Amino acid sequence: MYPEKVRIVEVGPRDGLQNESKSLSIETKLELVNRLTGAGLRYIEVGSFVSPKWVPQMAGSEEIFSQLPRNNTNTYAALTPNMRGLERAIDCGVSEVAVFAAASEEFSQKNINCSIAESLKRFEPVMEKSLGLDMSVRGYVSCVLGCPYQGAVDPNKVLNVAKDLLKMGCYEISLGDTIGVGTPADTEKLLEVLLDEIPSTKLAVHMHDTFGQALANVLMSLQKGITVVDSAVAGLGGCPYAKGASGNLATEDLVYMLNGLGVEHGVNLPKLIAAGDYICEKLDRLNSSKVRHALV
Ligand code: HMG
Ligand code: MG
């Protein structure tokens with residue numbers, strides 16, 4: 001009923017820190033990433049090469065990537081919305097990138113200043129160049145369970161964008177409930193539509209926790225055969241262009257649930273909690289993980 005093993009994609013340093021008003025030093029961001037790998041997380045989204053005018057919090061991403069240890073154990077990934085972003089990523093030795101599209105036209109305009117079709121067109125050269133350099137590319141589809149501007153989103157729209165990104169060469173599509181509105185019933189409905197045409201091994205889920213549904217949505221996804229889950233240490237996160245969106249599912253809470261289900265994940269919970277507390281102290285904010293508060 002549940003997978004034997006789940007791969008956790010830690011998005012705290014990117015999705016988390018892009019949404020925080022307090023700016024942090026490069027040393028602090030690096031220390032966070034190193035603490036996360038020290039806790040056993042093997043895939044970390046470290047930053048993004050977007051316009052610094054749009055998201056100033058991600059402006060120092062080059063410096064972080066160029067100081068990360070190089071090894072084959074960990075994957076350090078970055079968001080790249082266009083060729084300019086990809087060139088920046090290549091220049092500092094990034095080996096894996098992600099392109100991000102949406103299932104909602106209005107969100108696409110607000111987030112990346114173009115229509116969905118235009119964004120896919122923009123990703124074509126990004127895909128071509130990355131794949132030519134043997135860089136893996138992950139794809140995101142945002143607003144899969146609802147949009148802050150247009151409300152309901154048709155699962156068939158999500159399906160079409162996901163299929164387009166796969167066809168272009170993304171190895172996996174992360175389904176983003178960007179504003180955390182979906183319930184397990186919505187998640188089930190969406191996955192039923194997608195899994196009719198896309199194998200579960202090509203899908204991941206990325207649940208924000210605005211309405212407290214993220215863990216339940218992940219549980220539903222695991223029952224449907226999904227084995228890759230995005231989450232953020234301390235429940236950090238949000239999108240500056242999705243009003244009202246709160247943090248991602250806290251990685252600590254995900255790990256606790258997976259432990260209870262007997263699903264392998266490779267993360268040391270006490271070390272993860274320490275990493276979450278470290279960054280919350282630097283940000284001067286409360287840790288949003290319930291498990292952290294129950295255990296410490
Ligand atoms: P634009 O203004 O349409 O682009 O922005 P442009 O090509 O006209 O360029 C405008 C200016 O930005 C120019 O500079 C460019 O050089 C510069 P100027 O001439 O004005 O000085 N520029 C860049 N600079 C650095 N790096 C670049 C870059 N590209 C252009 N890569 C653009 C289009 C996509 C760049 C902009 O809209 C943007 O940066 N958006 C990013 C928004 C973002 O990062 N959102 C958060 C991440 S998505 C998310 O959180 C959702 C997710 O978590 C999943 C989920 O939860 O659903 C992934
Ligand atoms: Mg997100």
Side-chain angles (χ1 to χ4, degrees), residues 9-20 45-62 65 77-92 94 97-104 106-116 118-123 125-126 129 137-149 153 158 161-162 165 170 172-182 190 203-210 214 217 228-233 235-251:
V9 171
E10 170 60 47
V11 296
R14 192 279 303 169
D15 198 326
L17 301 186
Q18 78 181 9
N19 209 41
E20 294 289 335
E45 208 172 69
V46 168
S48 56
F49 296 101
V50 298
S51 161
K53 285 187 193 142
W54 284 63
V55 186
Q57 293 89 334
M58 291 289 108
S61 289
E62 274 92 350
F65 277 101
L79 296 190
T80 52
N82 53 18
M83 280 307 279
R84 174 83 194 278
L86 179 64
E87 299 293 355
R88 290 175 59 201
I90 292 168
D91 284 350
C92 58
V94 176
V97 295
V99 292
F100 48 109
S104 138
E106 277 202 61
F107 180 75
S108 184
Q109 288 291 350
K110 293 271 190 335
N111 194 44
I112 50 176
N113 206 24
C114 63
S115 69
I116 298 169
E118 282 163 346
S119 73
L120 295 173
K121 199 87 206 133
R122 214 180 256 181
F123 299 153
V126 175
K129 177 139 194 177
V137 188
R138 197 170 193 242
Y140 277 101
V141 182
S142 285
C143 298
V144 300
L145 299 176
C147 166
Y149 307 103
V153 170
V158 181
V161 179
L165 289 172
C170 291
E172 169 180 296
I173 304 302
S174 178
L175 303 165
D177 183 10
T178 318
I179 52 168
V181 283
L190 172 71
L203 296 173
V205 289
H206 176 110
M207 300 293 179
H208 284 261
D209 202 29
T210 319
N217 287 339
V228 183
V229 180
D230 299 4
S231 61
V233 66
L236 299 175
C239 174
Y241 298 100
K243 248 193 289 167
S246 73
N248 281 83
L249 169 60
T251 310

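Values in this document were obtained by computation on a predicted structure and should not be read as measured data. Ligands are counted one by one from 1 in listed order, and the atoms in each one are counted from 1 as well. Any value given below was found using the heavy atoms of this structure, including those in side chains, with hydrogens, waters and symmetry copies removed.
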Ring pair (Phe, Tyr, Trp, His ring centres under 6.0 Å) between Y241 and Y149: does it pass, once the steps are laid out? CA-CA 10 Å; Y241 298 100; Y149 307 103; 9.3 Å; no
Using the rule given for side-chain contact (heavy atoms from CB on, under 4.5 Å), can you reason through L203 versus V228, listing the C-alpha separation, both sets of side-chain angles and the distance that settles it, and then say yes or no? CA-CA 7 Å; L203 296 173; V228 183; over 6 Å; no
For the pair L86 and V97, evaluate side-chain contact (heavy atoms from CB on, under 4.5 Å) and give the outcome as yes or no after the intermediate values. CA-CA 8 Å; L86 179 64; V97 295; 4.2 Å; yes
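Counting only N and O atoms by type, the side chains of S231 and N248 include no donor and acceptor under 3.5 Å apart.
The distance from atom CG of N113 to atom CG of N111, rounded to the nearest 0.5 Å, is 10.0 Å.
Across all their heavy atoms, Q18 and G238 have their closest contact at NE2-O, 2.8 Å. Taking both residues in full, the closest heavy atoms of N19 and Q57 are given as C-NE2, 4.4 Å, listed atom of the first, atom of the second, then distance. Closest approach of A232 and V11 over heavy atoms only: CB-CG2, 4.2 Å.
Excluding waters, the set of protein N/O/S atoms under 2.8 Å from the Mg ion (ligand 2) reads D15 OD2, H206 NE2, H208 NE2.
Taking the ring centre of Y140 as origin, the terminal cationic atom of R14 falls inside the region bounded by 6.0 Å and 45° from the ring axis.
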One pair per line, please: each N/O atom of ligand 1 matched with every protein N/O atom under 3.5 Å away, atom names first, then the distance to 0.1 Å.
unit_1: ligand 1; atom_1: 3 (O); unit_2: N113; atom_2: ND2; d: 2.7
unit_1: ligand 1; atom_1: 16 (O); unit_2: R84; atom_2: NH1; d: 2.8
unit_1: ligand 1; atom_1: 20 (O); unit_2: K53; atom_2: NZ; d: 2.8
unit_1: ligand 1; atom_1: 21 (O); unit_2: K53; atom_2: NZ; d: 2.9
unit_1: ligand 1; atom_1: 24 (N); unit_2: R84; atom_2: NH1; d: 3.3
unit_1: ligand 1; atom_1: 26 (N); unit_2: V50; atom_2: O; d: 3.2
unit_1: ligand 1; atom_1: 26 (N); unit_2: R88; atom_2: NH1; d: 2.8
unit_1: ligand 1; atom_1: 29 (N); unit_2: N82; atom_2: ND2; d: 2.9
unit_1: ligand 1; atom_1: 31 (N); unit_2: F49; atom_2: O; d: 2.9
unit_1: ligand 1; atom_1: 31 (N); unit_2: N82; atom_2: OD1; d: 3.0
unit_1: ligand 1; atom_1: 31 (N); unit_2: G85; atom_2: N; d: 3.2
unit_1: ligand 1; atom_1: 39 (O); unit_2: S51; atom_2: N; d: 2.9
unit_1: ligand 1; atom_1: 40 (N); unit_2: N111; atom_2: O; d: 3.1
unit_1: ligand 1; atom_1: 45 (N); unit_2: N111; atom_2: OD1; d: 2.9
unit_1: ligand 1; atom_1: 50 (O); unit_2: R14; atom_2: NH1; d: 3.1
unit_1: ligand 1; atom_1: 50 (O); unit_2: Q18; atom_2: NE2; d: 2.8
unit_1: ligand 1; atom_1: 53 (O); unit_2: R14; atom_2: NH1; d: 3.3
unit_1: ligand 1; atom_1: 53 (O); unit_2: R14; atom_2: NH2; d: 2.9
unit_1: ligand 1; atom_1: 53 (O); unit_2: D15; atom_2: OD2; d: 3.0
unit_1: ligand 1; atom_1: 53 (O); unit_2: H206; atom_2: NE2; d: 3.3
unit_1: ligand 1; atom_1: 56 (O); unit_2: H206; atom_2: NE2; d: 3.0
unit_1: ligand 1; atom_1: 56 (O); unit_2: H208; atom_2: NE2; d: 3.0
unit_1: ligand 1; atom_1: 57 (O); unit_2: S142; atom_2: OG; d: 2.7
unit_1: ligand 1; atom_1: 57 (O); unit_2: T178; atom_2: OG1; d: 2.6

